[in-house]
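To keep things clear, I will list the structure first and then write my remarks on it.
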Amino acid sequence: MTDAALDVDEAVFDAVDRIPPGRVSTYGAIGRLVGVGPRRVARALSQGGGAVPWYRVVRADGTAAEPVRARQLELLATEGVPVRNGRVVLAAVGWPDRTIR
């Protein structure tokens with residue numbers, strides 16, 4: 001992995017680490033914070049985001065990624081994150097603001 005890729009990963013991890021308990025962000029919102037696309041955020045988290053609260057990042061529609069769906073929703077439930085019909089209620093808990101996309 002190149003230094004630039006490692007720098008992007010670190011920026012993603014730093015942003016995700018700032019999401020407060022009980023709040024949730026999207027791959028796109030984190031990407032906008034660090035200047036990359038949502039798929040790049042997902043890749044960083046899937047390859048090495050275990051040390052940060054990766055489960056606080058969901059898709060733009062509030063759904064969890066399929067491979068980690070059950071565990072992610074379980075972890076979010078422990079923080080009191082509202083989920084309706086399998087989707088996080090982003091309007092209530094979105095970060096950095098409640099109107100993320």
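Predicted, not measured: the structure shown is a model, and the values here were computed from it.
For Val81 against Arg23, the heavy-atom pair with the smallest separation is CG2-N, 4.5 Å. Of all heavy-atom pairs spanning Pro38 and Gly28, the tightest one is CB-N, 3.7 Å. Val93 approaches Pro82 most closely through the heavy-atom pair CG1-CD, 3.5 Å. Contact detail for Val57 and Thr26: the closest heavy-atom pair is CG1-C, 3.7 Å.
For Arg71, the side chain to side chain donor-acceptor pair (under 3.5 Å) partners at least two apart in sequence or on another chain are Glu74. Under the side chain to side chain donor-acceptor pair (under 3.5 Å) criterion, Thr63 pairs with Asp61, not counting sequence neighbours. Ala65 pairs by the side-chain contact (heavy atoms from CB on, under 4.5 Å) definition with Tyr27, Arg59, Pro67, Val68, not counting sequence neighbours. Residues passing the side chain to side chain donor-acceptor pair (under 3.5 Å) test with Tyr55 are Glu79, sequence neighbours excluded.
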Could you pull out every donor-acceptor pair under 3.5 Å between side chains of residues 12-22 and any protein atom, sequence neighbours left out?
none

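Two different hydrophobic clusters hold Leu76 and Val89 under the rule that ILVMFWY side chains link at heavy-atom gaps under 4.5 Å.
Residues Asp9 and Arg40 have side chains in contact (heavy-atom distance under 4.5 Å, counting atoms from C-beta outward).
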